[in-house]
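This report refers to the structure that appears directly beneath it.
Quick note on labels: first sequence line is chain A, next is B, and so on, each numbered from 1. Computed from a predicted model, the values in this text were never measured in an experiment.
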Amino acid sequence: MFKTSRLTVSLVVLMLVFTLGAGNVLAQTKTITLYHAFTSNTLVALRNLINDFQKEFPGIKVRAEYVGDALDQKLQAAVTAGNPPDLSWLQSGKQADFARTGAIYNLGEFINGPNGLTEEDLNDFFPIMKTYMEYNYDGEWWGMPVNATTMTFVYNKELVAKAGYDPDNLQVETWEELGELAAALTNEKDGIYGMHVPVYTGGMASYFDWFFRPFIWSAGGQYIADDLQTVAYDTDEAKQAVQFFYDILYKYEGGTLAPATQAFDMGRIGLHLDGPWAIPQFNNLRFDWGAMLYPVGPSGERFHPSAAEPVVIFKDAKYPEEAWEFLKFWIRPDNMAKWAITSGYLPTRRSVMDSPEYKALVEETPGLAVFVEGLEYGAPAETTPSYNRIVDGYAAAVEMVLHKKAGFEAIDEAAAEANAILAEYWQNNPEEYQNLMEVLPQNK
Amino acid sequence: MAVQQGSRRKRRWLSMKNEQIILGYFCMLPTFVYAGVFLIFPVLYSLVLSFQRWKLYSPPQWIGLENYRRIFADNVFWLSLKNAGWYAVFFVPLSIIAALLVAMLLNQKIRGMNIYRTAYFVPVVSSTVAVAVVWSFLFDTHYGLINDWISRIGIGRVGWLSDPDVAMYSVIIFSIWKSLGSNVVIYLAALQGVPRQLYEAAEIDGAGPWARFRHITLPMVSPTTFFMLIMGLIGAIQVFEQVMIMTGGGPMRSTYVVYMYMYDYAFRYGEMGYASAIGYIMAVIIFVLTIINMKVSGKFVHYN
């Protein structure tokens, strides 16, 4: 009897397995997997996008998997194991790493294929988006830009009015004016500071780098030399950017080095550097907020940080054609408008701006227009191999200078170390160097 | 039926024993596999890795002791080691003293004692990441509760986590709070193991509270203290989560500890071989510390 019951159980299990399998085969559903690190609003946007897609393409199911901070490692492991997802969102510029190892498709195969994109479609992307997609590795599109971002100065209208500026029409044009504004906003007795100077090493160092590099550029400097053999942040031009933040802290006495994201929300900080993703939170603050562009630097030019986040398709994808179908659906102007409105990211295509929904949103959120305008001044950050090590060294040196624990020679010391790291890197990767020298915009 | 089974068992006694041995090992197999795959293999493989250059994206390359040479030549490594050492020097003794004091307070018969004991244990079972976030709000320079309190009594704002000279001590304060409960529980058990008659005899001999503490309590709990010293030191040198959450190693790398250094090389710089070498250096340091502890402690630890 014991034996019989075990046999029965096994049979039932087997039957279940077969029925479920058959069910899948009969329905002809193809499930594609997407890795991402989206949270809050963006996650809602993704859910809507997938629902819309599955309605239009009932034969394809999209399984979105949140991978979070460990995205790179998990993808690397999945690729090595020969079991990657069909698609993945990546951080800006990361597609180069995967393109190099042959793990992802050159999207040209799909773009120029029968189910591809028109020339018109491609020209609809912002020039900065095209630059990002093309220049990172070998000039080909290895990813499709779904999110654009930039950063700009967000300000507390109440504090700005109190400082004697027009809160509805604030735009400082030069560094000096920015320093004076920060000084006017500061009221140390009440614990109110003009601006927070966000200098970090470690996990947050890339944030520092991102907001800071435009200051180097608008001083006429560069982060790394054109030939990528040495860093350039130790030139006199680039050092002016550090000097400027030093002045904000000690000459204008309008800044604080203490972390202050929440402090801005609490009305303790006048000016705050942030991205469009924070707009939904700003709308919930108990004071009105505005936004202004980065000031023009000593070189007479204005620059903004920018990023283009791509989605890539993996070579070992089970359903690459279906993955492309989803990606194509994602960047269709009507879908991208919904995506951008819900997620808070900036759209990557011009035509989205002209859609009535997006126009209405800009009408409703005046600050948003400043972010979109900022994108026009966006310049891609120079490619830097051994990125994290080099930025950590630089950020640590800038931190020392701004904390008055070292003079500007700390930056020279960091540069010497960075140059050694670069030399070693190129010695080990001569081919990559050749490739980059051919595709980088400065060499064209 | 019982008879039949009994005779069968007798007949096959020897083979049954073998069968049981095999079955026993079979039942343990999951644990062996688990330990093998997730413990022993990674430990040994990372030793191999520590002699290689492996940047994740390219195949590993044998470079001998190069990783170790680079680590010892790197100022940032020595800085991170110094920071971890500084953390241990304050955290270990302070956490032990605090735990002993609290344990003695909690080792009394008063009403509601279980509530107090639970209260001290809550931080231990809370997620480090979650409570570290809460504490970084408390410590915030601009709007933190702690600065709010001290500014009311006329002390200026302190950059608890933003002042490079202060940040490490804030992390130590948090760590003591976080670990207090578990140390208190261990001390409570030790205190309850101290025979009452020793105190009674001492009292009859006219010993005051300090003398009783100094000559009875302290020696009687010394094995526990020694245990906590070793465990505390090993834990302190590996401090990571709270630093990662509260300061990220900053400001100015003032809280940049060895495990952050290792984390950066492994997961941010993608140099797995280098990171493995750091891991092995740490293993040796912990091993040496434990040996020293055992040698030195023989002089003052009292075993029953």
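Contacts between B:Y263 and chain A at a heavy-atom distance below 4.5 Å are absent for every atom of the residue. Neither the backbone nor the side chain of B:D74 comes within contact range of chain A; no heavy atoms are under 4.5 Å apart. Only the side chain of A:Y193 comes within contact range of chain B, with heavy atoms under 4.5 Å apart.
Interface remark: of the candidates B:P164, B:S136, B:S151, B:P164 forms the most heavy-atom pairs closer than 4.5 Å to chain A.
Taking CD of A:E417 as the reference point, atom CG of B:N75 lies at 7.0 Å (rounded to 0.5 Å). Within the model, atoms OG1 of A:T256 and CZ of B:R157 stand 10.0 Å from one another, a figure rounded to the nearest 0.5 Å.
Within residues 389-409 of chain A, the residues having any heavy atom less than 4.5 Å from a heavy atom of chain B are, in residue-number order, A:R389, A:D392, A:G393, A:A396, A:E399, A:M400, A:H403, A:K405. At a heavy-atom separation below 4.5 angstrom, chain A is approached by B:F267, B:R268, B:Y269, B:E271 within residues 267-280 of chain B. Residues of residues 241-257 of chain B placed with any heavy atom under 4.5 Å of a heavy atom in chain A are listed by number as B:G248, B:P251, B:M252, B:R253.
Between B:Y143 and A:R268 the shortest heavy-atom distance is CA-NH1, 3.5 Å.
Residue A:W426 qualifies as enclosed at atom CH2: its count of foreign heavy atoms under 6.0 Å is above 12.
Residue pairs meeting the salt bridge (Lys or Arg N to Asp or Glu O under 4.0 Å) criterion with at least one member in residues 184-194 of chain A, sequence neighbours excluded, do not occur.
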